[in-house]
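Chain letters run A, B, ... following the sequence lines, proteins first, then strands; residues in each count from 1. All of these numbers come straight from a predicted model, not from anything done at the bench.
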Amino acid sequence: MLSWPVLISQAFNGLALGTLLALVSSGLTIILGTLGVLNFAHGALFAVGAYAAFVLLQYTSSFVLAIIVGCGFMLALGFLLERIIIRYFYDRPHEDQILVTYGVGIVLVECVRAAFGGNAQRVPVPSWGQGATQMGFLIYPTYRLQLIAIIAGLLLSLYLVLYRTSMGLVVRAGIENPGMVGILGINVRRAFLLVFAIGVVAVGLAGMLYAPVVAVTPDMGANFMAQSFVVIVLGGLGSFPGAVVGGLIAGEIISLTSAFNSSYSEVMLYALMAVLLIMRPQGLFGSEGRA
Amino acid sequence: MSLLEVDKINTLYGDSHVLFDLSIRVEQGEVVALLGRNGAGKTTTLRSIMGVLSPRSGNIRLDGKSIEGLPPSAIAGMGVQLVPEERAIFGGLTVEENLRIAALTAPNAWSYDRIYEVFPRLRERRKSAGRTLSGGEQQMLAIARALIRDARIILLDEPFEGLAPLIVRDLVEVSRNLAAEGRTMIVVEQNVAAALSFANRVYGLNNGHVVFEGTPADLNASPDLMRDFLGVGM
């Protein structure tokens, strides 16, 4: 049967996946909560982030530099998408928003495929993250441990931005009632632009950081997209704490179930979502939601 | 020139025509009450002034400058502040955060202390989340958000609705003090007696038309009008 080391190492895998899902989902949930747009291009943007790391690391050997430049690129992409497309859909029905963001996702994925082909690319593990770390009776890949710490740090920064800055105040208020934010003299549309760009950077950053751990393919975001939807439903739509806690729960469920039978891991995730939705339809941290 | 002139506006909700060539004016330092039955167009008038709704035709001028068609944030920037009927307190934000976000873009924002002098209860609850406030406290906070912006015109939509009589008495007292200090306000209220206790002038609305204009004394002198158009017996 299962040994403790296997189970504990799966728990660590769950933590790595969970923090990653938390980062991806917080971008998704902040955009949904504030702008009211369910961004179906989120998975594609994850892949774009991973490919950005792939490309940039061919020009520099510094992983950190590649990530910083990559964030700048994602920020620019986010601004561009919002200005050129997304902003025209704020007042449109949800079906239109889903269609247009889904379309943007397809275009992005196919652009990536046209540029780099459909074969899996490898992104090297940064020099400071190679090898494995001995932790008692468990040996665990160093970069994955660092990944957990880095993403935890990023989530903390996002928390500080949301809960300790004026911009975060506007975002949190905008999630509840964007109309009233405007009535209080704040240009909501400008805030929307920033929120969308921050969401895109969050998911792109997740893609970049995850790239060394997986095969980088144009479609790598699809699975994350689906899991992120489950996460934000679990956590409560538009809730940042919900995305973090939901991400960690989802990561552990997928990883721990895999230790027993990997084909059931996603089934368990959706089963949990179903049970939670019956008992608590608004999700763990959700309020009654947008009016 | 009046501070605010609403000139023959027509406002629609989708296909339904709500305001018909509606004109009102508000002088500096004046409190104007809009009275009328449900559906008379009182809230729609306030929402049109704030820019939440755009009139199909007509003019709204603040200091002689047209503001119709501008977004609410721009109109708020010019000193107009709606205190909506549903209060729209941010439930996930604390009382102080609700005040802070209101003050963000206000050039002459009041200090918290000055707000708490008007509403001492809000000082006690300043760290509480908006959703935990009672109806009366939410209304105080809603008015406080307009005050902290030092709004030139405050549009109060049903400020006393659904509140206990003691709370209404306190809020009427606060409104009277604001009026006495010369704060310009438009108040929409079903509680006619409360509204008339601090209004200088009254417009009666019926089916999107102005059917009466005068002082509270004029209105009190014509009980038929009160009954027929405003749906209130006094």
Geometric class of the F192(A)/Y90(A) ring pair [parallel <30°, tilted 30-60°, perpendicular >60°]: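 Taking F192(A) first and then Y90(A), their aromatic rings stand perpendicular (interplane angle over 60°).
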Whether F198(B) and F160(B) hold their rings parallel, tilted or perpendicular, with breakpoints at 30° and 60°: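 It falls in the perpendicular class, over 60°.
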Which bit of [X] comes within less than 4.5 Å of chain A, counting heavy atoms only: side chain, backbone, both or neither?
X: L93(B); result: both
X: I89(B); result: backbone
X: Q81(B); result: side chain
X: S73(B); result: both

Side chain Y203(B), main chain R25(B), donor-acceptor under 3.5 Å: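 Yes, the answer is positive, given that a donor and an acceptor are paired below the 3.5 Å cut-off.
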Chain A contacts, top residue of G77(B), P71(B), G91(B), A106(B) (heavy-atom pairs, under 4.5 Å):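 Heavy-atom pair counts peak at G91(B).
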Salt-bridge contact D157(B)-R87(B) (side-chain N to carboxylate O under 4.0 Å):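 Here D157(B) does not pair with R87(B) in a salt bridge, since their nearest N and O are not under 4.0 Å apart.
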Largest heavy-atom contact set with chain B, pairs under 4.5 Å, which of V188(A), I186(A), V181(A):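 Greatest number of close heavy-atom pairs with chain B: I186(A).
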Passing option when E137(B) is tested against R126(B), R123(B), R121(B), R131(B) for salt bridge (charged side-chain N to carboxylate O under 4.0 Å, His left out):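 That would be R121(B); it is the only one of R126(B), R123(B), R121(B), R131(B) passing the salt bridge (charged side-chain N to carboxylate O under 4.0 Å, His left out) with E137(B).
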